[in-house]
Amino acid sequence: MTGKIIIDIEKCKGCGLCVMVCPKGQIVISEKSNKKGYFPAKFKGSDNCSGCAMCAIICPEAAIRVCKNSENKAKK
Amino acid sequence: MTGKIIIDIEKCKGCGLCVMVCPKGQIVISEKSNKKGYFPAKFKGSDNCSGCAMCAIICPEAAIRVCKNSENKAKK
Amino acid sequence: MQNISELYEEIIIAGFGGQGIMLAGKLLAQTAMKAKKEITYMPSYGAEVRGGTANCMVVTAEREIASPLVTHPNSLIIMNKASMEKFAPRLKDNGLLIYNSSLIDYEPQVSKTIKVLAIPVDQLAIELGNPKSANMIIVGAYLQMRGIISPDTAVDCLTQTIAKRHHKMLEVNKKAIYCGAKFAKEQPI
Amino acid sequence: MQNISELYEEIIIAGFGGQGIMLAGKLLAQTAMKAKKEITYMPSYGAEVRGGTANCMVVTAEREIASPLVTHPNSLIIMNKASMEKFAPRLKDNGLLIYNSSLIDYEPQVSKTIKVLAIPVDQLAIELGNPKSANMIIVGAYLQMRGIISPDTAVDCLTQTIAKRHHKMLEVNKKAIYCGAKFAKEQPI
Amino acid sequence: METVFTRTPTLKDCATHYCPGCGHGIAHRLLAETIDELQIAPKTIGIAPVGCAVLAYDYLDVDMIEVAHGRAPAVATGIKRTNPDKIVFSYQGDGDLAAIGTAEIIHAAHRAEQLTVIFINNAIFGMTGGQMAPTTVLGQVTATSQQGRKAIGQGYPLQISELLAILPGTVYVERCALSSVAQIKKAKKAIKHAFELQIGGANGLSLVELLSPCPTYWRMTPVKAMQWIENEMTKVFPLGCLKNNQ
Amino acid sequence: METVFTRTPTLKDCATHYCPGCGHGIAHRLLAETIDELQIAPKTIGIAPVGCAVLAYDYLDVDMIEVAHGRAPAVATGIKRTNPDKIVFSYQGDGDLAAIGTAEIIHAAHRAEQLTVIFINNAIFGMTGGQMAPTTVLGQVTATSQQGRKAIGQGYPLQISELLAILPGTVYVERCALSSVAQIKKAKKAIKHAFELQIGGANGLSLVELLSPCPTYWRMTPVKAMQWIENEMTKVFPLGCLKNNQ
Amino acid sequence: MSEKKLICGNEAMAEAAIIAGLDAYFGYPITPQNEVTAYMSRRMPELDRVFVQCESELAAVNMVYGAVATGKRAMTSSSSPGISLMQEGISYLAGAELPAVIVNVMRGGPGLGNIAPSQADYFQATRGGGHGDYRTIVLAPANVQELADFMSLAFDLADQYRITVMVLADGILGQMMEPVILEKKEQRKLPPKDWALTGAKDRKQNIVRSLWLKDGVLEEINRKLQKKYKEIQKKEILCEEYEIENAEIIVVAYGIAARIAKGTVDKAKKEGIKVGLIRPITLWPFPAEQINRAADKAKVFLTVELSCGQMVEDVKLAVAGKAPVEFYGRSGGGVPSDGEIMKEIKQLAAKR
Amino acid sequence: MSEKKLICGNEAMAEAAIIAGLDAYFGYPITPQNEVTAYMSRRMPELDRVFVQCESELAAVNMVYGAVATGKRAMTSSSSPGISLMQEGISYLAGAELPAVIVNVMRGGPGLGNIAPSQADYFQATRGGGHGDYRTIVLAPANVQELADFMSLAFDLADQYRITVMVLADGILGQMMEPVILEKKEQRKLPPKDWALTGAKDRKQNIVRSLWLKDGVLEEINRKLQKKYKEIQKKEILCEEYEIENAEIIVVAYGIAARIAKGTVDKAKKEGIKVGLIRPITLWPFPAEQINRAADKAKVFLTVELSCGQMVEDVKLAVAGKAPVEFYGRSGGGVPSDGEIMKEIKQLAAKR
Ligand SMILES: Cc1ncc(C[n+]2csc(CCOP(=O)(O)OP(=O)(O)O)c2C)c(N)n1
Ligand SMILES: Cc1ncc(C[n+]2csc(CCOP(=O)(O)OP(=O)(O)O)c2C)c(N)n1
Ligand code: SF4
Ligand code: SF4
Ligand code: SF4
Ligand code: SF4
Ligand code: SF4
Ligand code: SF4
Ligand SMILES: [Mg+2]
Ligand SMILES: [Mg+2]
């Protein structure tokens, strides 16, 4: 696994933009709503995430933290 | 005499613009003030006025009436 | 059923943004009007609504209504947890509480004098084939429980309350109202 | 010369736009201030001035001045015909009227009790070599006639009243004040 | 002998309150002549600005309205929208149009209101005593730029006609000057064209900017003022048609 | 594993009140990141608009002020003139900047105020419930253009950045979009450049216009809204740098 | 048309204005009156009348100024901050004696405040927030039906007296729905608008203006205005007196506050408290005489407002020392509840 | 500096503001206060302080809003129509509790009116022409010296209470010249401006705002504001009582009207009439108590204003029915003369 993301589901509003931009199809919308009633995004957690941070860059709630294996650092 | 002008001296404020533009030097500023205290323009009354109306066109007070011999009509 | 001339019913309907709270309230208001009651309907409005909770207040009475604002409702229709927390404590003694048990998975802590109906409206709506009709189901349940106005009257008002462009939804909404009413009727209270 | 402690002198100076009316008024005010009087100076202002008449009001007194506005002046300094028509009727009995006889070619019709001085200030100014100093001449004449403050005091105030960039004109203005004073002194009143 | 030039009827027979050599008088006459030549006096509604020309209704013999400083384009919108058969013009100074009234003129243009605007740019606030206007040129001394206008802190002269010309809602924008007989004749043509566009139902706003002398607050003789327009002002505000959609 | 992307400190750790998919959230983050990267948080003063972003101070951890609708550029002028050592930005919507605040933004630019303006163009009045904005595109359905905006009577979409770019008082004007990762990256660069200009003491106003989604009042999903920006909005509001004096 | 419709205050007001012959609506969005703008944007073009969404409230009031100067019926509506921006325009309307109608759906202040209901613009409306000596007629509806009904009254009053009429509502009245009958009212006999700008065809030029530079003329104009205002004070006061015959306590309240207070008065009477209500319907002209008359019998007055105390000054001026005038208010969007008012009434009753 | 200078009110006020530590002046020209703008445009840059000629009064008040939010001393000045345009801004200043100083050199209204002196913006200044429940302190100088002196007072009051202070002058005070001493006044002890926007260095973020959406918060803010206003009413009233000991007739007037009336009172006393003068110096807070106390002895009050009757309402509220309150006013730029006031006084004296 080169990358992974952590979604703050209480900040997430389930807009689906991260789902749209993830080149690896790593994100889906969850079926369980958060406290506010939104259906947040969910990281699939498979091995394909590249840590490219595209999901995080488009997230209007800045709800996504992106991690990456340290050998290949990406710029923040 | 091809042309002449009639200056309404109570409207005139003696700005001298007509004097400036008259191509024939037909206008001077009078030495006697009008009721308001302005020194109005004065038509020299010599034969040189062409009735070109340049004085009237620039007069901010529209204080000048221009007459012309009827044979050579000018546009208003 | 209480003495009709004494009727002064103050309702709060509350829930989440997209749950059709306002429409439910308007339908109730329209229904009461049709039933020749005095009525007022007061929405929460403006930026408050954005992303947060939505609620509205309906008052129906036999006499002139003083305030359209309801601080302490007789009847409370609750569609999500946040609204339960906010409004349940304000309910009057001997009042009525109807809530969406599809989203609220606990028993509300209210006074013993209060009649409570838990109804899984989201689930019922999905079963009906239209997840958006949960609001209509809960209206049906309310009318049935309260027993002041018949659910039929609400059905009669649907054409007025629902915008023309959504009139293809009339039938399913009608079904939803009756579904709610039926659910309520079958409760063992 | 009246009892000085009773002094309550209300002056209007009026004339045509470019005649230096305001400057004359300010000089009078400055002069009275130097002479340790209470003083107020009130110009006519704003668009009224445009192309029309200009006037200002100066009040000097030994005690606090109530209103800086003068409706009925003791003293009137008039520089053109239009102003004569407007202000002469407002002059108080036993007042003083000084006017520019270079521009006003008739005897003003005022009450017999009024002291009148006709002074051809424009002409005198031209003779002095500075047509613009007519206003100073008339101030000199006023001070002389009124006899409350000496024209010397006015001369002393010139540096303050006249803007720095015009200080080359100080000398000619001084001459003008004295010229007016002299003219007034020589009058047979 | 025959009269070949005299006052036009819509210009009332009275002297103005303007200073000697002021351009407002010339502009009024051109307007009045235009109205008479187009025979629209009975259906014209004019808007006077707050500025030296606030009393324009004392000189122009058509229905007129005096409005709050800068709001002429809004008032004009109110009039024209409810009276599309009338010919509506506003007459605004540079303080009125380019300072306090910026939003209103831009949005009237933006909405493509069918109005004619006569914009008198004399690079000064005349009525209030000669303060700096948005159109005051660099270095110009005014009551509030006593050291001469400087770009830094006071801004560059605002070419508002250029701004308006790029809005799709304007159909005609031209800058003329009242500085000579030739220029005045051009100005007259421009004004007439602007009115003709409105009469013809052109879908947008027509505006004629007139560089106009204010000898009083330029501290110049009227003659010098005319020269200053030709020599200095036109450098900053180039004459000519900025836009003509027809 | 190492965190390669996370919230920047100047973006407070809380959820916003914005609708799902709203561009304001993205814009806020870019701003916060810029401020942190330039290390100017302790000397930055921000101005919140009246609009959906009125609560921007709840999200941006710098000194901030809330101002009357549209008047941000005037307030910014008051702040920057008296505090030339501070970095002052305003954040304004299209209603705020291009409708009621037209005069203020034009004159702040005209006076070459040393300010940075983040202009959120979402072609709508968001906060008040989705009415037509000056930037609403032709045909767009809003609460006050229920038949779709028509040029005649309602005006063409107002390209206010183009207007501002021609004023000599602006040093930098660029239009970006928040519609894709690539565009967002460009927007970030533009914002940073605008701030750098102010920090460097550039003599004028820098403005970045951001085409920003309002899924709620465009009546679209957030994903559709992004596509609509790319397919429709950029036709009317072409992306790119309109002016860069440095 | 005379069927009852369930409709919100903002839309009822809009439709009623249209029925009253509105030629043009000019507005700029602001909560809590956005429904007016939205409604007008749809209905006015349907009827071939004028709707303009303005660039600001400044523009809106000035567009109204232009439209009414030509003799048309025009209006704008807004909420508190937007109305503040119109103050110069309102003063100009007064100076030029133009008949305009302006609706203020008040919200919490000062500043941006909030969007909750309020009555804190009473001073602004009744004293004139603009400059100079002028008045506007101020109508204060207490329910949606009145909000609708007062629109035709507002236009008639405006036309009759060449004056600006302000309709002062609040967030509740604008937003709430009630059954309403919308129907055409009979129009008053109105003077011809021979002053209007219609093009100087076959008559002398008309001028609409408020600048009067010549000595004494502006004062003359002001005297004329004051005379008009006196006439309105004499003829146009509206006021509801409810159960005041034997009342020892008189509640004075207007608009939504009056509506709530009325319910409380009913309850209090049932409990044996001698209490009545005076509800000013015109806030200017203020029903000072009615209140003064009531003060001959009443022992105490209680003014209830959604403000920190504004109308209470007019009540005191009216009572003129005959009885104490107490105040209960909620501010910043707070609304007095039935219970709160009852508590105040009982306290006063206990003191008697 | 302590030498007497002959200077007009507008310039005296401008220089006095500068001496009081003015950091920034923002203004837009309007008669009769153009001398302020012109003076500031010259002096402020000389002193390396800020002068901006704004695009409008709207911009001016908002620039002031920005500057004072950073803790600087800033002001604007204007005349009636311009002040009307600032009403939204003033309400925002109140809501955000910012210390601003605004000078209104009043002119004839309503509308464009004229440029002659007036006092017809009393309501606007004291009641708040903007929206919401707020107050501004209003200082009313009666001569050029006071106009100057009140500037430092205005800034101190503004800073002490975080409030807008309005100095209400008129065309005469602005234009007239009098000998004036311009000198630095001792500054009050002022609270630190820890709320100001100075960059959030080593402290938490500061926010200047007036929007409070959460239930009840705005009401809390309003309560706080009202408490502050009460405190000001307790501590900051200024009022001149002149010869009121044995007065049967008390003239109440402020500003230029008071100055003229004082002369008349002197004359009337010489004629044996028992007359005195109360001159409110702070118009808000209004010296109601002082007037009420005087009403214990006085038989009648005569309010004199350059308006159709505005302060007279406050006088009536203060007198509270203890004595009749008469009014004499001139409007639209007219100024009551000594003789006119005397006539009124004599008429009242004759009736006693
Ligand atoms: C709201 C308002 N602000 C300011 C003024 C004062 N004022 C009158 S005219 C004017 C500017 C005049 O300049 P301009 O528009 O260029 O006209 P000009 O006199 O130069 O022809 C100003 C600022 C006013 N009347 N109203
Ligand atoms: C003087 C005034 N007028 C109107 C409003 C109401 N209002 C609040 S925000 C807004 C427009 C918001 O649109 P925009 O600036 O585009 O911001 P967005 O919400 O779209 O981000 C309006 C009209 C107000 N608060 N104050
Ligand atoms: S970091 Fe890249 S690959 Fe990983 S989830 Fe986000 S967008 Fe997909
Ligand atoms: S982009 Fe952000 S807010 Fe939207 S769904 Fe993904 S994580 Fe949630
Ligand atoms: S141009 Fe006209 S006003 Fe000027 S001097 Fe000649 S006639 Fe007189
Ligand atoms: S008509 Fe021509 S020639 Fe005759 S005076 Fe006028 S300008 Fe001179
Ligand atoms: S001040 Fe200037 S613009 Fe005004 S009338 Fe005089 S010359 Fe004309
Ligand atoms: S209404 Fe539009 S702009 Fe406002 S928060 Fe929602 S999506 Fe964003
Ligand atoms: Mg100008
Ligand atoms: Mg927007």
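Only this structure's heavy atoms are used, side chains among them; waters, hydrogens and symmetry mates stay out. Convention: sequence-line order gives letters A, B, ...; per-chain numbering from 1. Because the structure is a prediction, the values reported are computed rather than measured.
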From the list F:I105, F:L163, F:I100, the residue making the most non-hydrogen contacts under 4.5 Å with chain E is F:L163
Residue among F:A109, F:G169, F:A151, F:G153 with most heavy-atom pairs under 4.5 Å to chain E: F:G153
Taking E:E104, E:Q159, E:R149, E:E113 one by one, which has the highest count of heavy-atom pairs under 4.5 Å against chain F? E:R149
What part of E:I152 gets within 4.5 angstrom of chain F, counting heavy atoms only: side chain, backbone, both, or neither? side chain
Evaluate side-chain contact (heavy atoms from CB on, under 4.5 Å) for F:H107 paired with E:L158, printing each intermediate quantity in order. CA-CA 9 Å; F:H107 281 272; E:L158 184 61; 3.9 Å; yes
Toward chain E, the part of F:I166 with a non-hydrogen atom under 4.5 Å: side chain
Interface residue of largest heavy-atom contact number with chain E, from F:G70, F:A112, F:G101, F:A98, under 4.5 Å: F:A98
Please check if the number of heavy atoms outside F:K243 that lie under 6.0 Å from its NZ is greater than 12. yes
Could you tell me which of E:R111, E:R81, E:H110 has the largest number of non-hydrogen atom pairs under 4.5 Å with chain F? E:H110
Start with the C-alpha distance between E:I106 and F:I160, add both sets of side-chain angles, then the distance that settles side-chain contact (heavy atoms from CB on, under 4.5 Å), and finish with yes or no. CA-CA 10 Å; E:I106 288 197; F:I160 190 135; 5.8 Å; no
Side chain, backbone, both or neither: which part of F:P157 has an atom under 4.5 Å from a heavy atom of chain E? backbone
Please check if atom CD in F:Q147 has more than 12 non-hydrogen atoms from other residues, nucleotides or ligands closer than 6.0 Å. no
